[in-house]
Amino acid sequence: MAAHKPVEWVQAVINRFDDQLPIKVGHQNTHTKISTEHNKECLINISKYKFSLVISGLTNILKTVNNMVSNQFVALSVDSQSKDCLRLDEAMLVKQLLPEICHFIHTYRDGHQHATDLRASASGVLFSLSCNNFNAVFSRISTRLQELTVCSEDTVDVHDIELMQYINVDCSKLKRLLQETVLKFKALKKPAQLAVINSLEKAFWNWVENYPDEFTMLYQQPQADMAEAAERLFDLVDSFAESAKRKAAVWPLQIILLILCPEITLTISKETVEDSKANKKLFLENLRKALAGQGGSKQLMESAAIACVKLCKASTYINWEDNSVIFLLVQSIVMDLKALLFNPAKPFWRGTGSQNTDLDLMMDCFVSCFRINPHNNQHFKVCLATSSPTTFHFVLVNSLHRIITNSHLDWWPKIDTVYSYSGELRFMFSDTLNRVMQGLNAHPPLLLSLTQNFQKMTTSLKFKEKATEMDTRSYKCLLLALVKLIHADPKLMLHNPVKQAQETQSSTAELIKGLVQLVPITNTTQLSQEAMEALLVLHQPETIELWNPDTPMDTFWDIRYWFHFESPLLLII
């Protein structure tokens with residue numbers, strides 16, 4: 001059938017995949033999930049040879065979906081589209097698929113049951129589409145910008161402008177976005193201008209994170225056309241920022257636009273500058289003042305913190321050997337920045353609804369400071385202190401996890417720099433575990449939702465305070481992060497350079513015992529699963545040798561023998 005009737009065969013596979021989507025069958029059991037995965041693999045393989053048929057079929061399915069859609073389906077679209085299939089009818093297929101993908105990005109906002117998963121999956125499809133079909137996506141953005149330049153309404157639809165934050169952007173594509181924005185920014189209404197400002201900032205990070213070599217090269221060989229577009233947009237945005245509220249909205253983009261102009265940044269570092277550069281120098285001065293609390297506005301201080309974290313983060317993608325002036329800028333603001341973000345007596349908090357973004361900001365700052373100077377660890381000690389708010393502990397642990405799992409640039413320091421803090425991290429794990437186990441006995445099952453669990457974390461929650469229900473939720477989030485950290489690098493928790501052999505064996509046994517306690521917990525599946533993964537990593541041969549380097553095998557059998565009576569579950573590993 002496949003040889004003689006390819007259309008019918010492909011359609012049969014698509015129909016079977018469609019019939020197995022959760023939107024039609026409801027909750028999936030293990031068998032149906034395996035079957036769905038098998039159909040996904042079939043379609044991905046078929047798309048190598050019958051790309052048009054597969055994409056057309058999937059697009060038709062998308063058009064019929066009005067409510068809940070399977071996250072698995074959207075993920076399939078990414079895999080299918082990512083194949084390098086250059087066909088004559090591909091442009092037509094992209095035009096058919098693009099509106100359906102945009103629908104999921106634009107329509108499903110916060111409050112919908114699957115809003116986050118849908119937007120994440122759909123944006124992944126759009127990113128993949130833009131790799132080989134950038135012109136089609138760029139045309140949609142450019143057309144909407146043009147329409148809004150002549151729009152007289154105050155309320156405008158900016159969804160298509162926001163697409164630029166989800167697309168694949170290399171150096172040349174970023175220049176196109178900047179140049180297009182320069183041509184049309186002034187004629188846009190305020191809502192559209194703000195949408196452009198926010199989206200361009202995210203497009204910049206897409207470029208830096210996906211093409212770090214290109215960004216590094218910018219500081220070795222500055223590009224005049226990139227700098228020209230960035231400077232012109234800086235001036236346009238600077239004119240737009242006529243009030244404190246608008247300044248707060250544009251400062252994060254302005255620092256990025258300056259980062260794109262290495263030679264201008266060098267020029268404004270001097271005492272006197274020409275008139276055309278005076279506004280850039282004034283911007284940096286105002287940024288420093290606001291960060292130090294001298295800007296007269298809490299909103300400006302918060303915006304300055306965001307902009308300065310982005311400056312620090314961007315600087316880590318530049319090799320220090322390039323002797324860039326950007327490092328002088330970082331050194332001039334980093335102390336005030338850490339004092340603002342890592343102050344246990346007055347935790348950084350921008351109000352209800354900002355919990356996730358505040359935590360992300362602190363993590364970006366922590367990781368960037370580590371990469372800039374791993375030995376300047378004052379903020380590390382602040383986050384590690386048992387008297388600090390639990391949010392600080394959460395930021396510390398997740399930052400360490402990011403350092404371990406994302407360290408692809410040669411000059412980024414590795415996690416072994418902080419192995420000396422293993423003892424404090426083990427204590428944090430043990431203490432948090434005790435909190436959680438006590439809370440599980442006192443409260444009903446709790447969801448590990450970051451937004452819900454950290455709503456009240458900016459108050460001074462201490463390790464030694466009596467746990468409440470909200471505290472238990474917070475500690476469960478922290479415990480999950482700690483278990484993931486063990487999974488990512490067990491050496492970090494096993495490091496015991498100065499302890500006697502017996503003490504080392506005892507601390508290893510305590511760590512394993514804690515993880516084993518989490519495995520049978522049924523009301524926190526994610527925590528239980530991560531604990532099992534961490535135990536498997538700890539039982540890898542090269543890791544067992546670290547249980548007690550002096551007598552690794554004796555320690556192994558002693559611990560296994562002890563757990564034979566305390567927890568037979570360990571014996572299946």
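Computed from a prediction, not measured in an experiment: that's the story for all the values here.
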Problem set entry | Residues Cys312, Ile372; criterion side chain to side chain contact (heavy atoms under 4.5 Å, CB included); working and verdict | CA-CA 8 Å; Cys312 292; Ile372 292 168; 4.1 Å; yes

For this session: Begin with the C-alpha distance, continue with both residues' side-chain angles, and end with the deciding distance and a verdict on side chain to side chain donor-acceptor pair (under 3.5 Å) for Asn496 and Ser507.
Result: CA-CA 9 Å; Asn496 273 307; Ser507 67; 3.0 Å; yes

For this session: Let me see the working for Ser199 and Glu162 under side chain to side chain donor-acceptor pair (under 3.5 Å), right down to the final yes or no.
Result: CA-CA 6 Å; Ser199 299; Glu162 294 172 346; 5.7 Å; no

For this session: Take Leu384 and Phe392 through the test side chain to side chain contact (heavy atoms under 4.5 Å, CB included) and record every step on the way to the result.
Result: CA-CA 7 Å; Leu384 196 60; Phe392 283 40; over 6 Å; no

For this session: Under the side chain to side chain contact (heavy atoms under 4.5 Å, CB included) rule, what do Leu400 and Phe370 come out as? Steps first, then yes or no, please.
Result: CA-CA 10 Å; Leu400 293 177; Phe370 175 82; over 6 Å; no

Exercise. Please walk me through it: do Lys313 and Glu209 pass salt bridge (charged side-chain N to carboxylate O under 4.0 Å, His left out)?
Worked result: CA-CA 11 Å; Lys313 183 177 178 180; Glu209 290 169 4; 3.2 Å; yes

For this session: Could you go through the side chain to side chain contact (heavy atoms under 4.5 Å, CB included) check for Ile486 and Val537 one step at a time?
Result: CA-CA 8 Å; Ile486 298 170; Val537 171; over 6 Å; no

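No donor-acceptor pair under 3.5 Å is formed between the side chain of Thr432 and the backbone N or O of Phe429. Put simply, the side chain of His487 never gets that close to the backbone of Val483: no donor and acceptor are under 3.5 Å apart. Remark: the backbone N or O of Met493 is paired with a side-chain donor or acceptor of Arg426 at under 3.5 angstrom. With hydrogens and angles ignored, the 3.5 Å screen pairs no side-chain donor or acceptor of Asn198 with any backbone N or O of Leu194. The closest donor-acceptor contact from the side chain of Thr265 to the backbone of Cys261 lies under 3.5 Å. When atom types are taken as modelled, the side chain of Ser407 and the backbone of Ile404 share no donor-acceptor pair closer than 3.5 angstrom. Side chain of Ser528 to backbone of Val519: a donor-acceptor contact under 3.5 angstrom is found. Not one N or O on the side chain of Asp431 forms a donor-acceptor pair closer than 3.5 Å with the backbone of Phe427. For Ser422 (side chain) and Leu492 (main-chain N/O), a donor-acceptor pair under 3.5 Å exists by modelled atom type. No donor-acceptor pair under 3.5 Å is formed between the side chain of Ser368 and the backbone N or O of Cys365.
Distance check, rounded to the nearest 0.5 Å: NZ of Lys310 to CD of Gln254 gives 14.0 Å. In this structure, the separation between NZ on Lys338 and SG on Cys308 is 13.5 Å, given to the nearest 0.5 Å. With rounding to the nearest 0.5 angstrom, the CZ atom of Arg176 is 8.5 Å from the OG atom of Ser142. Taken to the nearest 0.5 Å, the CD1 atom of Ile264 stands 14.0 Å off from the NZ atom of Lys281. Atoms NZ and CD, from Lys476 and Gln526 in turn, are 10.0 Å apart once rounded to the nearest 0.5 Å. Remark: Asn319 CG to Met217 CE distance equals 11.5 Å, nearest 0.5 Å.
Atom CD of Gln221 sits in a sparse spot, with 12 or fewer heavy atoms from other residues, nucleotides or ligands closer than 6.0 Å. No more than 12 heavy-atom neighbours from other residues, nucleotides or ligands sit within 6.0 angstrom of CD on Glu263. Annotation for Lys491: atom NZ does not count as buried by contact number, only 12 or fewer foreign heavy atoms lying within 6.0 Å.
In this structure Ser354 satisfies the side-chain contact (heavy atoms from CB on, under 4.5 Å) test together with Trp349, Arg350, Thr357, Asp358, sequence neighbours excluded. Applying the side-chain hydrogen bond (donor to acceptor under 3.5 Å, both in side chains) test to Gln529 and every residue at least two apart in sequence or in another chain returns Glu533. In this view, Tyr419 and Asp489 satisfy the side-chain hydrogen bond (donor to acceptor under 3.5 Å, both in side chains) rule, not counting sequence neighbours. In this view, Leu409 and Pro212, Tyr317, Trp411, Trp412 satisfy the side-chain contact (heavy atoms from CB on, under 4.5 Å) rule, not counting sequence neighbours.
Below 30°, between 30° and 60°, or above 60°: for His379 and Phe342 the angle between ring planes is between 30° and 60°, a tilted geometry. Ring geometry for Phe283 against Trp251 counts as perpendicular: the plane angle is over 60°, on a 0 to 90° scale with 30° as the lower cut.
Residues Leu260 and Phe204 are in side-chain contact: their nearest non-hydrogen atoms beyond the backbone lie under 4.5 Å apart. By the 4.5 Å heavy-atom criterion applied to side chains, Ser332 and Arg288 are counted as neighbours. At a threshold of 4.5 Å between non-hydrogen side-chain atoms, the residues Phe394 and Cys383 do not count as touching. By the 4.5 Å heavy-atom criterion applied to side chains, Thr216 and Ile318 are not counted as neighbours. Put simply, the side chain of Gln165 does not reach to within 4.5 Å of the side chain of Glu201, judged on heavy atoms. No side-chain heavy atom of Phe127 sits less than 4.5 Å from a side-chain heavy atom of Ile167. Counting heavy atoms from C-beta on, the side chains of Ile259 and Ile326 come closer than 4.5 Å. Annotation: side chain of Thr508 is in contact with side chain of Leu494 (closest heavy-atom distance under 4.5 Å).
The two residues Ala292 and Asp336 make their nearest non-hydrogen contact at CB-OD2, 3.8 Å. Listed here is the closest heavy atom pair of Leu258 and Lys280: CD2-CG, 3.6 Å. Closest approach of Ala229 to Val182, counting heavy atoms only: O-CG2, 3.6 Å. The shortest heavy-atom contact between Leu515 and Leu538 is CD1-CD1, 3.4 Å. Listed here is the closest heavy atom pair of Thr405 and Ala488: CG2-CB, 4.3 Å. The heavy-atom pair separating Leu433 from Gly514 by the smallest distance is CD2-CA, 3.3 Å.
Within the structure, salt bridge (charged side-chain N to carboxylate O under 4.0 Å, His left out) pairs that include any residue of residues 401-419 comprise Asp364-Arg402 (at least two apart or interchain).
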Acceptor/donor pairs from residues 168-175 side chains to any protein atom, 3.5 angstrom cut, sequence neighbours excluded:
from: Asn168; atom 1: OD1; to: Tyr211; atom 2: OH; distance (Å): 2.9
from: Asn168; atom 1: ND2; to: Tyr211; atom 2: OH; distance (Å): 3.3
from: Asp170; atom 1: OD1; to: Ser172; atom 2: N; distance (Å): 3.3
from: Asp170; atom 1: OD1; to: Ser172; atom 2: OG; distance (Å): 3.0
from: Asp170; atom 1: OD1; to: Lys173; atom 2: N; distance (Å): 2.9
from: Lys175; atom 1: NZ; to: Gln223; atom 2: OE1; distance (Å): 2.8
from: Lys175; atom 1: NZ; to: Asp225; atom 2: OD2; distance (Å): 3.1

